[in-house]
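Data block below; observations after.
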Amino acid sequence: MGLLQFDKLPVNNLVGADWNTYKEILQGREIDKGYRGKYRLTTAVCRLLSTLAPIQERRYQKRLANQPLKHDPVFILGHWRSGTTFVHNVLSCDKHFGYNTTYQTVFPHLMMFGQPFFKKNMSWLMPSHRPTDNMDLAVDLPQEEEFAMTNSMPYTYYNMWYLPKYWQEYADKYLLFKDITPEELKRFEEEFIKVIKIALWNTSGTQFLSKNPPHTGRVKELMKMFPNAKFIYLMRNPYTVFESTRSFFTNTIQPLKLQDISEEEIVQNILTTYTKLYDKYQADKVCIPEGNLIEVKFEDFEQDALAMTENIYSSLQLPGWDEAHTAIEQYVNAKKGYKKNKYAYKPETVRLVNENWGCAIEDWGYERL
């Protein structure tokens, strides 16, 4: 158990941003009264740590910048709370995959030097489990890369965690790439490639395994960057997703936000963003070549994770199943009996999901309540 409780963190994840990114994210944005102490401490720590960023940049340019990627990535897509974390953990047992770690999400500029020191201190301070679902937390475990990208540039969707008053603005521009400028898009692509290369170097992988729900709205752009990328899209009962997302977002945003937001506003943003993400994915998945996309119901994966994983390898023609099979089986067996949160669908949940996410229920073959 870490020294600090998740909901009482004195700083937020922006402590690991480079100074220019930090300033750009917060420029012209108001900090509400109750969060100014957290803002000042986060600013001070960020300013101090960002002085080290040039050291890594020099090492990156010397060692990795000109090294081509051997393989296009494998992307695990799906709305938050659709089972992407579990699938990511299962596939990351295959040692040929490289991935972003929890440490890299917070400190993307402290990867190629000083990592043992900073990682030891982070491990000492951070909680050992996610508060919303009791999933393991550790500095070296696989994690989604959006937080790392947020600390590397100002053009990502996860700015909404810190500045929730602008939630839908960030969703339209940086989740769906609607009205994003060519300069912003170029910076996004450059920083994403850098995150991938450093992650592969750090985990000794040869192919990047991405688990990043925001990428679900960026399929068209990802295909331009990586024409041979593979995609795993996870579907889950929308009623469960709503209850789980509401709990997850309501709890996760507390130690990160620098602005007030009500529970009612969180719910409305969840409903709106889900619809936008669903529509964008449905429109853009036609860009993916046949054989490079598999769509999986998480309930099916959860029931027989080993067989479903083998099917994913076969369908996408991913290499290495024979070599990875034993490690994957051991991980899956170790997770049997894991107690998940159980959600009772309140009448209000049923009404909101039916009114806003009915298309997903019907398209995916779930029973409407």
Side-chain angles (χ1 to χ4, degrees), residues 13-25 46-76 92 95-119 122 139-140 142-159 174 177 180-212 214-215 218 220-230:
N13 284 21
L14 287 173
V15 292
D18 68 273
W19 184 238
N20 287 334
T21 292
Y22 183 83
K23 290 191 298 181
E24 286 185 73
I25 289 174
C46 175
R47 189 69 183 95
L48 176 64
L49 293 179
S50 65
T51 61
L52 302 174
I55 300 175
Q56 171 161 298
E57 182 60 22
R58 289 194 293 270
R59 296 188 179 188
Y60 173 78
Q61 292 299 328
K62 182 178 180 180
R63 300 180 186 180
L64 301 177
N66 295 321
Q67 297 294 321
L69 294 176
K70 296 179 180 179
H71 307 284
D72 284 351
V74 174
F75 291 99
I76 301 171
S92 66
K95 298 305 179 185
H96 109 272
F97 283 127
Y99 47 81
N100 193 94
T101 64
T102 301
Y103 175 81
Q104 188 180 0
T105 63
V106 183
F107 299 115
H109 306 296
L110 298 174
M111 293 295 297
M112 302 185 74
F113 75 101
Q115 189 174 155
F117 171 79
F118 291 108
K119 194 159 60 175
M122 181 178 173
V139 290
D140 288 320
Q143 190 56 264
E144 60 190 70
E145 62 265 21
E146 193 79 3
F147 276 116
M149 294 163 66
T150 299
N151 279 353
S152 303
M153 61 176 172
Y155 312 129
T156 68
Y157 173 61
Y158 275 3
N159 293 340
Y174 302 133
F177 286 161
I180 190 171
T181 68
E183 293 77 18
E184 290 171 337
L185 187 56
K186 181 180 179 182
R187 176 81 179 278
F188 177 93
E189 293 172 348
E190 291 172 347
E191 294 298 335
F192 186 27
I193 292 292
K194 183 183 294 186
V195 166
I196 290 175
K197 289 184 176 182
I198 291 175
L200 291 173
W201 169 84
N202 183 56
T203 56
S204 302
T206 57
Q207 184 173 23
F208 186 65
L209 178 66
S210 164
K211 188 277 293 193
N212 200 51
H215 285 333
R218 303 166 180 158
K220 184 180 292 185
E221 180 57 38
L222 293 175
M223 282 303 307
K224 292 178 182 177
M225 294 179 67
F226 309 108
N228 297 311
K230 309 286 187 176

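Sequence positions, counted from 1, serve as the residue numbers for this chain.
The aromatic rings of Phe188 and His215 lie perpendicular to each other, with more than 60° between the two planes, well past the 30° mark. Between Tyr22 and Trp19, the ring planes lie parallel to each other; the angle is under 30°, not in the 30° to 60° tilted range. Using a 30° and 60° split on the angle between ring planes, Phe192 and Phe226 fall in the perpendicular class, above 60°.
Atom OG1 of residue Thr102 and atom NZ of residue Lys119 lie 10.5 Å apart, to the nearest 0.5 angstrom. Taking CD from Glu145 and CD1 from Ile196, the interatomic distance works out to 7.0 Å, rounded to the nearest 0.5 Å. For the atom pair CZ of Arg187 and OH of Tyr155, the computed distance is 6.0 Å after rounding to the nearest 0.5 Å. How far CG of Asp140 is from OG1 of Thr203: 10.0 Å, rounded to the nearest 0.5 Å. To the nearest 0.5 Å, atom CZ of residue Arg58 and atom CE of residue Met112 are 12.5 Å apart. To the nearest 0.5 Å, the span separating CG on Leu209 from CZ on Phe75 amounts to 10.0 Å.
Pairs passing the side-chain hydrogen bond (donor to acceptor under 3.5 Å, both in side chains) check and including a residue from residues 60-76, sequence neighbours excluded, read Glu57-Gln61.
A donor-acceptor contact shorter than 3.5 Å is absent between the side chain of Arg59 and the backbone of Leu64. The backbone N or O of Asn159 lies less than 3.5 Å from no partner atom in the side chain of Thr150, so there is not a single donor-acceptor pair. Remark: side-chain polar atoms of Thr206 are paired, donor with acceptor, to backbone N or O of His96 under 3.5 angstrom. Panel note: side chain Glu221, backbone Arg218; no donor-acceptor pair is recorded below 3.5 Å. When atom types are taken as modelled, the side chain of Asn100 and the backbone of Ala199 share no donor-acceptor pair closer than 3.5 angstrom. At least one donor-acceptor pair closer than 3.5 Å links the side chain of Gln56 to the backbone N or O of Pro108.
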